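Remember, predicted model here, so these are calculated numbers, not experimental data.
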Amino acid sequence: MFRSLIGLFKLPPRNHTLIHSRLFSSSVTPPCLLLGTTLKNNLPDGSDVRDVLLFDPTKEEMLTVSNITFPEDLAGSRQIGSARGWGIFSNDHDRSLCISDIYSSLGPKSTLTMIPLPPLVAVHSNQTNAVWNVAMSSSPCDQDCVVAAKLLDRQLSLCRPHSDMRWTNVGEILAENNLQKLENSSLMYSKRERRFYLPGPGGNSLYSWDLHLKKNKVPSFHELMFRDLPELDDSEWKLLGWCCRTEHLVELASSGERFLVKWYAQRFFSSSHEGSNYTTRRFMVFREKKMTEGRYMHYTEDVGDVCIFISMSEAFCVEASSCSGLKPNSIYFIGHGFGIYNLADTTIYHFQAPEGAPTSFKDPYWLPPSRI
């Protein structure tokens with residue numbers, strides 16, 4: 001599974017020390033990777049002060065935002081998901097959950113927001129309540145916001161933070177054998193259609209849920225028809241068949257255009273004590289075209305000005321022209337490696353760790369552009 005394959009992700013070190021940490025100096029940040037925090041001071045009220053460490057892919061440098069106060073509820077919690085720049089945090093002591101914009105409100109004039117969520121409860125006794133990924137219909141500050149959480153096991157749960165006292169479990173509506181095959185599929189929310197989507201087994205179909213959870217828990221099923229598949233040697237197709245694959249549906253907010261991304265990772269065995277690991281083999285991107293006959297997915301190596309960001313957060317798109325330094329027609333990824341995949345020539349540029357960055361971290365999240 002993707003999350004377990006990430007494990008403790010290690011950044012390759014740079015061979016020189018030209019990159020230095022710096023403070024934010026602009027009003028808008030590019031998409032950044034959350035590297036973690038460094039504890040500075042524990043306060044008497046249970047809160048603490050930390051430095052937040054981010055990676056700026058446009059300059060390949062670490063951004064340090066100093067002296068951020070984490071309230072007691074966040075200081076004693078761990079992050080289990082991210083969507084729209086908001087983090088979902090879990091307190092292992094009392095199993096409480098909350099949503100916070102702690103990482104998207106880092107400016108000196110920003111006001112921290114924290115919104116409680118009901119505890120996540122596994123439906124079956126043999127299930128885990130570990131979260132695979134999270135998606136949101138809008139900002140959690142909106143009264144009608146719906147939060148969806150996909151668990152590692154056979155469960156998909158949704159709730160409205162401002163009105164629900166418990167989660168509504170909808171994943172159990174799917175046949176058990178199908179949901180087991182969806183372990184590597186990630187949730188997303190379509191603003192265009194006001195529905196949550198989950199790619200089906202192999203990325204060959206889609207399941208979707210509308211926002212009227214209490215009236216209709218049954219998902220809609222959408223069969224996908226693929227066109228213009230890439231011309232690959234039989235040996236390459238065979239190798240891809242042995243790869244670990246994850247599926248991600250992403251939508252460009254400005255136009256509503258949607259893409260299905262299939263991420264292939266090849267397993268290799270290390271001579272060290274770490275055993276086996278995975279490295280990115282290739283990505284395939286399909287542009288959605290809705291016709292009267294159904295939904296067609298056309299393979300493409302050209303998404304224009306679009307950059308796609310994939311991590312353990314809800315995948316998202318950014319127009320490269322909106323942020324200086326972003327490379328268009330590319331996928332920024334972390335998980336099976338850390339780099340930029342060029343869709344036109346299928347090459348991978350591997351990022352290296354800037355000076356002062358943590359050597360390893362768990363569950364990295366891309367954060368969308370934000371104002372500070």
* Any chance you could lay out the side chain to side chain donor-acceptor pair (under 3.5 Å) test for H248 and T246, step after step, and finish with the verdict? => CA-CA 7 Å; H248 308 265; T246 59; 3.1 Å; yes
* **R50 side-chain N/O to A75 backbone N/O, donor-acceptor pair under 3.5 Å** =>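 Yes; judged by distance alone, with no hydrogens or angles, the pair exists.
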* Asked: So do L232 and M284 actually touch side chain to side chain, heavy atoms under 4.5 Å?
  -> yes
* Asked: Can you tell me if R267 uses its side chain to pair, donor with acceptor, with the backbone of W242 under 3.5 Å?
  ->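 Not a single qualifying donor-acceptor pair exists.
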* Asked: Would you find more than 12 non-hydrogen atoms of other residues, nucleotides or ligands less than 6.0 Å from D234 atom CG?
  -> no
* Can you find a pair of side-chain heavy atoms, one from V285 and one from W263, that are under 4.5 Å apart? -> no
* Are the side chain of S185 and the backbone of P199 linked by a donor-acceptor contact shorter than 3.5 Å? -> yes
* ring pair (Phe, Tyr, Trp, His ring centres under 6.0 Å) partners of Y189, counting only residues at least two apart ->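 Ring pair (Phe, Tyr, Trp, His ring centres under 6.0 Å) check on Y189 returns F196.
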* Asked: Would T347 and N342 count as a side chain to side chain donor-acceptor pair (under 3.5 Å) if you check the C-alpha gap in whole Å, the side-chain angles of each, and the deciding distance to 0.1 Å?
  -> CA-CA 5 Å; T347 58; N342 186 308; 4.7 Å; no
* Can you tell me how far NE2 of H298 sits from CG of L229, rounded to the nearest 0.5 angstrom? ->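 If we round to the nearest 0.5 Å, L229:CG and H298:NE2 are 10.5 Å apart.
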* Apply side chain to side chain contact (heavy atoms under 4.5 Å, CB included) to the pair I102 and I68, showing each step before the final yes or no. => CA-CA 9 Å; I102 182 75; I68 300 300; 3.9 Å; yes
* Side-chain donor/acceptor of D101 to backbone N/O of M114, under 3.5 Å -> no
* Asked: So do the side chains of S100 and L112 get within less than 4.5 Å of each other, counting heavy atoms only?
  ->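 Counting from C-beta outward, S100 and L112 do come under 4.5 Å.
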* How about L198 and K150: do any of their side-chain heavy atoms sit closer than 4.5 Å? -> yes
* Asked: Can you list the steps and then say if W132 with S186 is a side chain to side chain contact (heavy atoms under 4.5 Å, CB included)?
  -> CA-CA 8 Å; W132 173 269; S186 293; 3.2 Å; yes
* Asked: Can you list the residues that meet the ring pair (Phe, Tyr, Trp, His ring centres under 6.0 Å) rule with F309, with sequence neighbours excluded?
  -> F316, Y332, W366
* **Within 6.0 angstrom of E293 CD, more than 12 heavy atoms from elsewhere** =>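 Yes, CD of E293 has more than 12 neighbouring heavy atoms, counting only those of other groups under 6.0 Å.
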* **Heavy-atom closest pair, residues V318 and P31** =>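 So the minimum-distance heavy-atom pair works out to CG2-CG, 4.0 Å.
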* To do: Kindly work out whether a path of hydrophobic side-chain contacts (I/L/V/M/F/W/Y, heavy atoms less than 4.5 Å apart) joins V261 to Y299.
  =>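 No, V261 does not connect to Y299 through the hydrophobic network.
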* Asked: Between the main-chain N or O of A265 and the side-chain N or O of R245, is there a donor-acceptor pair closer than 3.5 Å?
  -> no
* To do: Quick one: do L211 and V146 satisfy side chain to side chain contact (heavy atoms under 4.5 Å, CB included)? Show the steps, please.
  => CA-CA 7 Å; L211 301 183; V146 177; 4.1 Å; yes
* To do: Look at the rings of Y278 and H336 and say which category their plane angle falls in: under 30° parallel, 30 to 60° tilted, over 60° perpendicular.
  => tilted
* Looking at CG of N91 and SG of C98, how far apart are the two atoms once the value is rounded to the nearest 0.5 Å? ->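 Going from CG on N91 over to SG on C98, the span is 8.5 Å.
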* Shortest non-hydrogen contact from L120 toward A149 ->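 Taking L120 first and A149 second, the nearest heavy atoms are CD1-CB, 4.3 Å.
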* To do: State which residues pass salt bridge (charged side-chain N to carboxylate O under 4.0 Å, His left out) with K289; sequence neighbours excluded, sorted by chain then number.
  =>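 Listed in chain order: nothing, the list is empty.
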* To do: Using a 4.5 Å cut-off on heavy atoms from C-beta on, say whether the side chain of L158 contacts that of V147.
  => no
* Pairs involving residues 185-209, ordered by first then second residue, that meet salt bridge (charged side-chain N to carboxylate O under 4.0 Å, His left out) (sequence neighbours left out) ->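 Of all non-adjacent pairs touching residues 185-209, those that pass salt bridge (charged side-chain N to carboxylate O under 4.0 Å, His left out) are R192-E288, E193-R258, E193-K290, E193-R295.
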* Can you check side chain to side chain contact (heavy atoms under 4.5 Å, CB included) on T113 and C141, steps first, answer last? -> CA-CA 8 Å; T113 301; C141 294; 4.0 Å; yes
* Between T64 and D51, do the side chains contain an N or O donor and an N or O acceptor separated by less than 3.5 Å? -> no
* Does the side chain of S96 come under 3.5 Å of the side chain of D94 through a donor N or O and an acceptor N or O? -> yes
* Out of curiosity, L260 CG to T300 OG1, how far, rounded to the nearest 0.5 Å? -> 12.5 Å
* Evaluate the side-chain proximity of T168 to S157: yes if any heavy-atom separation is below 4.5 Å, no if none is. =>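 Result no, sub-4.5 Å side-chain heavy-atom pair not found.
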* Asked: Quick one: ring pair (Phe, Tyr, Trp, His ring centres under 6.0 Å) partners of F70, sequence neighbours excluded?
  ->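 With neighbours one apart ignored, the set is empty.
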* Pair F338 and Y349, ring centroids less than 6.0 Å apart ->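 Not close enough - the centres of the two rings lie 6.0 Å or further apart.
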* How about S254 and E319: do any of their side-chain heavy atoms sit closer than 4.5 Å? -> yes
* Asked: For the residue pair K327 and I340, what are the closest heavy atoms and their distance?
  -> CD-CD1, 4.0 Å
* Side-chain donor-acceptor contact under 3.5 Å, D233 with S235 ->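 Checked: D233/S235 side chains show no N/O donor-acceptor pair below 3.5 Å.
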* Within the side chain of N133, is there an N or O that forms a donor-acceptor pair under 3.5 Å with the backbone of L187? ->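 Checking the backbone N and O of L187 against the side chain of N133, a donor-acceptor pair under 3.5 Å is found.
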* V303 backbone acceptor or donor facing N329 side chain under 3.5 Å -> yes
* **Polar side-chain atom of S47 near backbone of L43 as donor-acceptor pair, under 3.5 Å** =>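 Such a contact is absent between S47 side chain and L43 backbone.
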* **Aromatic ring proximity, centroids under 6.0 angstrom, F55 and F351** => yes
* Where the side chain of T280 meets the backbone of R282, is there a donor-acceptor pair that is under 3.5 Å apart? ->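 Pair absent, no side-chain N/O of T280 close to backbone of R282.
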* Do L343 and L249 sit in the same hydrophobic cluster, where Ile, Leu, Val, Met, Phe, Trp and Tyr count as joined when their side-chain heavy atoms come under 4.5 Å apart? ->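 No.
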* Do you see a donor-acceptor pair shorter than 3.5 Å between the side chains of H222 and S208? -> yes
* **Spacing of OG belonging to S220 relative to CG belonging to L206, to within rounding of 0.5 Å** =>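 One finds 11.0 Å between OG of S220 and CG of L206.
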* Treat each ILVMFWY residue as a node, draw an edge where side-chain heavy atoms are under 4.5 Å apart, and state whether F283 and F226 are in one component. =>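 Different hydrophobic clusters.
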* Asked: Can E251 and S190 be counted as having a side-chain donor-acceptor contact under 3.5 angstrom?
  -> yes
* To the nearest 0.5 Å, how far apart are CD1 in I115 and SG in C145? -> 7.5 Å
* Asked: With ring centroids as reference points, do F259 and F286 lie under 6.0 angstrom apart?
  -> no
* Are T58 and S324 close enough that some pair of their side-chain heavy atoms sits under 4.5 Å apart? -> no
* In Å, rounded to the nearest 0.5 Å, how long is the span from CD1 of I80 to CD1 of I88? -> 7.0 Å
* Asked: Do R281 side-chain atoms and Q266 backbone N/O form a donor-acceptor pair below 3.5 Å?
  ->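 No: the side chain of R281 does not pair with the backbone of Q266.
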* Asked: According to a 4.5 Å side-chain heavy-atom criterion applied to Ile, Leu, Val, Met, Phe, Trp and Tyr, with indirect links allowed, do M225 and M297 form part of one hydrophobic cluster?
  ->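 M225 and M297: separate clusters.
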* Cluster question for you: counting only ILVMFWY and a side-chain heavy-atom cut-off of under 4.5 Å, with indirect links fine, are L74 and Y365 together? -> yes
* In chain order, what residues pass the ring pair (Phe, Tyr, Trp, His ring centres under 6.0 Å) check against H162, with sequence neighbours excluded? ->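 H162 satisfies ring pair (Phe, Tyr, Trp, His ring centres under 6.0 Å) with no other residue.
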* Would S104 and W86 count as having a side-chain donor-acceptor pair, cut-off 3.5 Å? -> no
